[in-house]
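In what follows, every heavy atom counts, from backbone to side chain, and hydrogens, waters and symmetry copies are set aside. Note that this is a predicted model, so its numbers are computed, not measured.
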Amino acid sequence: MIFTTYWFFAFAAILFPLYWLLPWGRARLGLLLVGCAIFHGHFAGAAGVIPIVVLAVATYLAGRSGRSSWCIATIILCVASLGIYKYSPFFVGSAVGLFDPQLAAKCALWIRQALPASPPLAISFFTFEFVHYLYDVRKGRMRITSPVDFALFTIFFPSLVAGPIKRCGDFLPALHRGVAAVATADVAIGLSRVAIGFAKKVLISDNLATVINYYAPHFTQQSLGTRWLLFAAIAFRILLDFSGYSDIAIGLARMFGITLPENFRWPYLASSLQEFWQRWHISLSTWIRDYIYIPLGGSRHGVARKIVNGFIVFALCGLWHGAAWNFIVWGIFHGAGLAVCGNYRLLLGRTGAQIGAFLDRFPPLSWALTTGYVWLGWLLFFYPLPQAYKMAASLFSR
């Protein structure tokens, strides 16, 4: 994790005091831009910086032009770049593997050798933020004219690696309020939020991961009680890892006086899958809703179209997390759950209404069903499909 490296501690120990001591907003804005550029250059390296600079310049110029055709072309460029850097070995290997597994392995190896060892740092987040910006420009919602504002929207380091995914209409006003004057309360709130994030991520999640990695290869050989404890540990490990990272990002931004959107709101208290996705990785789920689900038609064209759109967006959501079939199946698993959860009362008629009324009378049962479904999904998220199936089945057998 980048925020736990010695380099970052030294970087933060220099940048934050300088930022607080500067008496002018313009000077703080310039220092923040320099700091973000140094951060990204250090962790991304030249191979990671150059593609993002090219995409950022193209996005800025397309946005400045305001031309719909330029915006569409740049959206295609950004999405294609993400596909090439992050997904091409997976897609080519999967397609060719249908006919010749050995050739598929060779093709995937050739692609990996032609590309950098890893995708450019945070290319998934860059792509989502650039697409959102260009989509909104096409709709006439806003246009960034200042290159400094656009550069900070692009490489603001607290949210660079793991979000929250920013919306420029919210971020830029928060940025200018923050650099204008940093209140002591902002610094105190930010520090406490960073401390909470480190406790979640480093003290709890990373130690849970150590335990899980030790026992997971022998999961089915453990006692039934131990299996269920490990099952819960897996669920809390991912919650504390993701939300801890978000807490650190939100806290670091607040120490600059800048407010980022909340990303997690107690998701394991949700009593339906719809509510879970309103509480889990909120910046991602709302982005997918606004820029994929609604443009596809959302729920405006009947139940069948709504269900199909749900499967598409959640398959893409799974793929966004990683280039592997288990991520896609995890997304489809949630798409199926939401299709049932959101439509059973309508599709099952009287029976559906009776089931719904029963669940409404017993909220703890709705919560238990939702939590169990979400937690089973994490097995698909973390493990190859055959292993995930064996682990899930072993929870219900001695």
Look at the rings of [X] and [Y] and say which category their plane angle falls in: under 30° parallel, 30 to 60° tilted, over 60° perpendicular.
X: Trp280; Y: Tyr268; result: parallel
X: Phe276; Y: His334; result: parallel
X: Phe362; Y: Phe358; result: tilted
X: His321; Y: Phe327; result: parallel

Output all residues satisfying side-chain contact (heavy atoms from CB on, under 4.5 Å) with [X], sequence neighbours left out; order by chain, then residue number.
X: Pro147; answer: Tyr60
X: Val53; answer: Val49, Val57
X: Trp266; answer: Leu269, Arg279

Do the non-hydrogen side-chain atoms of [X] and [Y] ever get within less than 4.5 Å of each other?
X: Phe39; Y: Trp7; value: yes
X: Lys306; Y: Asn343; value: yes
X: Arg143; Y: Tyr133; value: yes
X: Cys317; Y: Trp330; value: yes
X: Phe381; Y: Phe333; value: no
X: Phe130; Y: Thr74; value: no
X: Val374; Y: Trp277; value: no
X: Phe156; Y: Leu32; value: yes

Contacts of Trp325 meeting ring pair (Phe, Tyr, Trp, His ring centres under 6.0 Å) (sequence neighbours excluded), chain-then-number -> Phe90
Locate the shortest heavy-atom distance separating [X] from [Y]; write the atom from each residue and the value.
X: Cys71; Y: Ala62; value: SG-O, 3.8 Å
X: Ser159; Y: Leu260; value: CB-CD1, 4.0 Å
X: Ile258; Y: Ala174; value: CG1-O, 3.9 Å
X: Thr59; Y: Cys78; value: OG1-SG, 3.8 Å

Flag, side chain of [X] to backbone of [Y], donor-acceptor distance under 3.5 Å:
X: His132; Y: Cys168; value: yes
X: Arg289; Y: Ile294; value: no
X: Arg227; Y: Gln222; value: yes
X: Tyr87; Y: Leu319; value: yes
X: Tyr373; Y: Gly337; value: yes
X: Arg28; Y: Trp20; value: no
X: Asn263; Y: Ser283; value: yes
X: Lys166; Y: Phe153; value: yes
X: Ser271; Y: Trp367; value: no

For residues 174-202, the side-chain hydrogen bond (donor to acceptor under 3.5 Å, both in side chains) pairs (sequence neighbours left out) are Asp149-His176, Asp186-Arg254, Arg193-Asp247, Arg193-Glu262, Lys200-Ser243, Lys200-Asp247, Lys201-Asp206, Lys201-Asp241
Establish whether [X] and [Y] are linked, either directly or via other cluster members, by ILVMFWY side-chain heavy-atom contacts under 4.5 Å.
X: Phe9; Y: Phe157; value: yes
X: Tyr245; Y: Phe8; value: yes
X: Trp70; Y: Ile144; value: no
X: Phe396; Y: Tyr389; value: no
X: Leu191; Y: Leu15; value: yes

Can the ring centres of [X] and [Y] be said to be less than 6.0 Å apart?
X: Phe43; Y: Phe11; value: no
X: Phe231; Y: Trp228; value: yes
X: Trp378; Y: Phe382; value: no

Report task. Please determine if Arg167 and Asp290 form a salt bridge, counting it only when a charged side-chain N lies under 4.0 Å from a carboxylate O. Result -> yes
Practice prompt. Check the pair Trp320, Ser124 against side chain to side chain contact (heavy atoms under 4.5 Å, CB included), reporting the backbone distance first and the verdict last.
Written response: CA-CA 7 Å; Trp320 183 82; Ser124 297; 3.3 Å; yes
* **Full working for side chain to side chain contact (heavy atoms under 4.5 Å, CB included) between Leu29 and Leu175** => CA-CA 9 Å; Leu29 188 71; Leu175 170 68; 4.1 Å; yes
Test side chain to side chain contact (heavy atoms under 4.5 Å, CB included), reference Phe314, set Ile292, Ile328, Leu338, Ile332, output is Leu338
In Leu55, Leu160, Leu121, Leu82, the residue satisfying side chain to side chain contact (heavy atoms under 4.5 Å, CB included) with Phe126 is Leu160
*Answer yes if the side chains of Thr371 and Trp375 hold a donor-acceptor pair under 3.5 Å, and no otherwise.*
no
Is the closest side-chain donor-acceptor distance between Thr220 and Lys390 under 3.5 Å? no
Worked verdict on Ile52 versus His40 for side chain to side chain contact (heavy atoms under 4.5 Å, CB included): CA-CA 10 Å; Ile52 298 307; His40 189 241; 4.2 Å; yes
>> Could you check whether atom CZ of Arg350 has more than 12 heavy atoms from other residues, nucleotides or ligands sitting under 6.0 Å from it?
In response: no
Just wondering, are more than 12 heavy atoms of other shown residues or ligands nearer than 6.0 Å to CZ in Arg141? yes
Discussion item. Using ring pair (Phe, Tyr, Trp, His ring centres under 6.0 Å), reason through Tyr291 and Phe128 one step at a time and then give a plain yes or no.
Written reply: CA-CA 9 Å; Tyr291 298 103; Phe128 272 36; 9.1 Å; no
Note: with side-chain heavy atoms under 4.5 Å as the link, the other cluster members for Ile76 come out as Ile72
- Query: How far apart are the C-alpha atoms of Val131 and Trp287, what are their side-chain angles, what is the distance that settles it, and do they pass the side chain to side chain contact (heavy atoms under 4.5 Å, CB included) test?
  - Reply: CA-CA 10 Å; Val131 168; Trp287 191 99; 3.8 Å; yes
